[in-house]
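Notes follow the structure.
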Amino acid sequence: MKLFNSLTGKKEEFVPIIENKIRMYACGPTVYNYFHIGNARTFMVFDAMRKYFKYRGYEVTFAQNFTDVDDKIINKANEEKATTEKISEKYIKEYFYDAELLGISKADSHPKVTENMQEIIEFISSLIDNEYAYIVEGDVYFDVSKYEEYGKLSKQNLDELRAGSRVEVKEIKRNPLDFALWKTAKEGEPSWETKWGRGRPGWHIECSAMIEKTFGGTIDIHGGGSDLKFPHHENEIAQSEALTGKPLANYWLHVGFLNIDNKKMSKSLNNFFTVREIQEEFDLEVIRFFLLSAHYRSPLNFSRELVESAQRGLERLYNAKNNLGYLITHADATLPTENEMELTRELNSFIEKFSTEMDDDFNTANGIAVIFDLVKYINSNIDEHTSMNALKTAQEILAELCGVLGLLAKKDENSLEDEIEELIEERQRARKNKDFKKADEIRDKLLAKEIVLEDTPSGVKWARK
Ligand code: AMP
Ligand code: ZN
């Protein structure tokens, strides 16, 4: 498998540190609002990569943080006369709600700044002890001049960066490029005690500290949106690599920006859309399909016409799935037909084609094109005379390839009913075996699907809530 590594500027063969295991970390949201469609693209890409790696047989550990200490959260808390904890707690809950509807799974861990304060303080303390950082008036700054490789990710050298930087009035830093690791406490803001004074961490330090705590050393993949390359990821590298002398991550992956009608999304242009707003108009599976239909590194334009065209594309996939389902329940040709071998061989070849595209720097755009070729093949070669074996192969392959991308996730009404019946039978068996814990678990599982059970003298009945 090949990945484009922003650090080397090349597409490289991907070799994880430990064979078959992948440790990846993506920078997550600052939780002061519902997340927007641009954020959704980046979260979606890392979720889909993780699913694809698993499909390829890797064991993946994935962490994505929540920034729950930040100016924007403090401002929102002041506006709403609430505590910062209330604000961040609310938007973490809302993150999971929208993410689930987009088919984005929970990461293996979602570390928060407030829950890692000790590690953050210790990290800064070690940087001060090793003279990579200095204290001025209760603030702590990273001394960029002490880290020679500064600029290696964004491909800028220190002289260029210095020439381009702005010297602020009342500058207290030694060098305008130095960045804050710790900010001294201000009235009414959340703050924590340290040996150099009360305050709160700057933004960049959290990811370095959390990666160290979660993984304890170099990770395989680190990523985020392309805006994070500089300064956020550059600063993460400087802090971590200065201190440990080891790479923070071997592969740096950056997701292209999503624009709206070819313009940068911004509140002032009135073209800022949260996922919550979009779901009033579009099914979020359409949005998932749309976001994955471009290569992750390309910029992506979001417009109503493009989403509507994605909607039609997804419908074609559902039609193929439903037609196969219909043929399987109605076909009479259960015996192998003459061309069955040829048909199953051709169908299977799409798996290989799909993986070849996805292995090439995770090219979901071409991967989806292969799925459409498969659908075209199914539509012109499969009908009511096709053998059951070939029909089932077609059904499985379509579900497998779409499943990797988290698509065609909706159950049709028939299979939903089958699943409910199966769960009810399983519950009956559990009750018979006096395994009431399991029986209750199944009842709860059904409840989560909005199915209620009623025990009647003539057996168990179910209904939608
Ligand atoms: P934030 O909450 O602003 O820190 O952003 C969370 C993630 O979304 C980061 O990885 C950002 O790089 C990414 N991101 C922000 N805006 C966009 C956008 N318009 N397109 C793609 N990714 C974005
Ligand atoms: Zn980060």
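First listed ligand is number 1; within each ligand, the first listed atom is number 1.
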> According to the interplanar angle, ranging from 0 to 90°, do the rings of Tyr134 and Tyr141 count as parallel (below 30°), tilted (30 to 60°) or perpendicular (above 60°)?
Replying inline: tilted
> Going by atom types only, do Tyr95 and Glu100 share a side-chain donor-acceptor pair under 3.5 Å?
Replying inline: no
> Is there an N/O/S atom in Cys207 that lies less than 2.8 Å from the Zn ion (ligand 2)?
Replying inline: yes
> Short check: any N/O/S atom of Cys27 below 2.8 Å from the Zn ion (ligand 2)?
Replying inline: yes
> Hey, is there an N, O or S on His232 sitting under 2.8 Å from the Zn ion (ligand 2)?
Replying inline: yes
> Should the pair Phe290 and Phe302 be assigned to parallel (<30°), tilted (30 to 60°) or perpendicular (>60°) ring geometry?
Replying inline: perpendicular
> For Lys264, is the nearest heavy atom under 4.0 Å from an atom of ligand 1?
Replying inline: no
>> Using a 4.0 Å cutoff against the non-hydrogen atoms of Gly256, which atoms of ligand 1 qualify?
In response: 21 (C)
>> Measuring from atom 8 (O) of ligand 1, which candidate in Asn39, Ile260, Leu228, Leu258 has the nearest non-hydrogen atom?
In response: Asn39
>> Does either side chain, that of His222 or that of Glu236, offer a donor lying less than 3.5 Å from an acceptor on the other one?
In response: yes
> Which is the closest N/O/S atom of Glu236 when seen from the Zn ion (ligand 2)?
Replying inline: OE2
> To which protein heavy atom is atom 2 (O) of ligand 1 closest, and what is the distance rounded to 0.1 Å?
Replying inline: Thr30 N, 3.1 Å
> Do Phe35 and Phe43 have ring centroids that are under 6.0 Å from one another?
Replying inline: yes
> Who's closest to atom 10 (O) of ligand 1 heavy-atom-wise, of Gly223, Pro29, Gly225, Ser226?
Replying inline: Gly225
> His254 vs Trp252 aromatic rings, parallel, tilted or perpendicular, using cut-offs 30° and 60°?
Replying inline: parallel
> For ligand 1, which atoms, with element, lie under 4.0 Å from some heavy atom of Cys27?
Replying inline: 10 (O)
>> Could you identify the single nearest non-hydrogen protein atom to atom 21 (C) of ligand 1 and state the distance to 0.1 Å?
In response: Gly38 O, 3.1 Å
>> Closer than 4.0 angstrom, basic N to acidic O: yes or no for Glu357 and Lys353?
In response: no
> Going by the atom numbers of ligand 1, which of them fall below 4.0 Å from some non-hydrogen atom of Gly224?
Replying inline: 10 (O)
>> Does either side chain, that of Thr8 or that of Glu12, offer a donor lying less than 3.5 Å from an acceptor on the other one?
In response: yes
> For Ala26, is the nearest heavy atom under 4.0 Å from an atom of ligand 1?
Replying inline: no
> Given Leu291, Asp227, Thr42, which one has a non-hydrogen atom that is nearest to atom 11 (C) of ligand 1?
Replying inline: Asp227
> Measuring from the heavy atoms of Val255, does anything fall under 4.0 Å of ligand 1?
Replying inline: no
>> Are Phe179 and His204, when compared by the centres of their aromatic rings, separated by less than 6.0 Å?
In response: yes
>> Check the orientation of Phe66 and Phe96. Use parallel for under 30°, tilted for 30 to 60°, and perpendicular for over 60°.
In response: perpendicular
> Under a heavy-atom criterion of less than 4.0 Å, does Gly28 contact ligand 1?
Replying inline: yes
